[in-house]
**Q** 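Take a look at the following structure, please.
The structure presented is a predicted model; accordingly, all values stated were derived computationally and were not measured. Quick note: residue numbers are just sequence positions, from 1.
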Amino acid sequence: MRSVLRTPDLLALFDERHRSRTVRQLIDASGPAKSTVVRPVATLEQRGCR
């Protein structure tokens, strides 16, 4: 459930200047463990968000 709650925080890291980010950049910018970032990112990619 926590990874679902973090998804809006991860999405907020994207803007006009940062149209793409690596998983490492997302982890460094948001602070959670890698697995907490990878799960919602994988789900977003499966849903067509790129």
Side-chain angles (χ1 to χ4, degrees):
M1 184 66 171
R2 267 191 309 193
S3 62
V4 172
L5 297 173
R6 289 212 190 258
T7 301
D9 296 333
L10 293 173
L11 291 173
L13 296 172
F14 295 89
D15 56 24
E16 287 298 317
R17 217 173 110 219
H18 301 100
R19 296 178 66 75
S20 66
R21 290 189 178 261
T22 65
V23 170
R24 172 53 45 203
Q25 290 171 326
L26 292 171
I27 292 167
D28 291 345
S30 63
K34 181 179 178 181
S35 61
T36 305
V37 171
V38 170
R39 281 189 295 265
V41 168
T43 300
L44 290 168
E45 284 183 334
Q46 289 173 356
R47 306 281 289 169
C49 298
R50 295 199 182 254

**Q** Consider side chain to side chain contact (heavy atoms under 4.5 Å, CB included). Of V41, L10, L13, which one does R21 pass it with?
**A** L13
**Q** For the residue pair T7 and T43, establish whether any side-chain heavy-atom pair is separated by less than 4.5 Å.
**A** no
**Q** Among all residues two or more places apart in sequence or in another chain, which pass the side chain to side chain contact (heavy atoms under 4.5 Å, CB included) test with A33?
**A** S35, T36
**Q** Let me have the donor-acceptor pairs involving side chains of residues 24-31, under 3.5 Å, with sequence neighbours excluded, atom names and distances please.
**A**
residue: R24; atom: NH1; partner: D28; partner atom: OD1; Å: 3.1
residue: Q25; atom: OE1; partner: T22; partner atom: N; Å: 2.8
residue: S30; atom: OG; partner: L26; partner atom: O; Å: 2.6

**Q** Sequence neighbours excluded, which residues qualify as salt bridge (Lys or Arg N to Asp or Glu O under 4.0 Å) partners of R19?
**A** E16
**Q** Quick one: do V38 and L11 end up in the same hydrophobic cluster if we chain Ile, Leu, Val, Met, Phe, Trp and Tyr together by side-chain heavy atoms under 4.5 Å apart?
**A** no
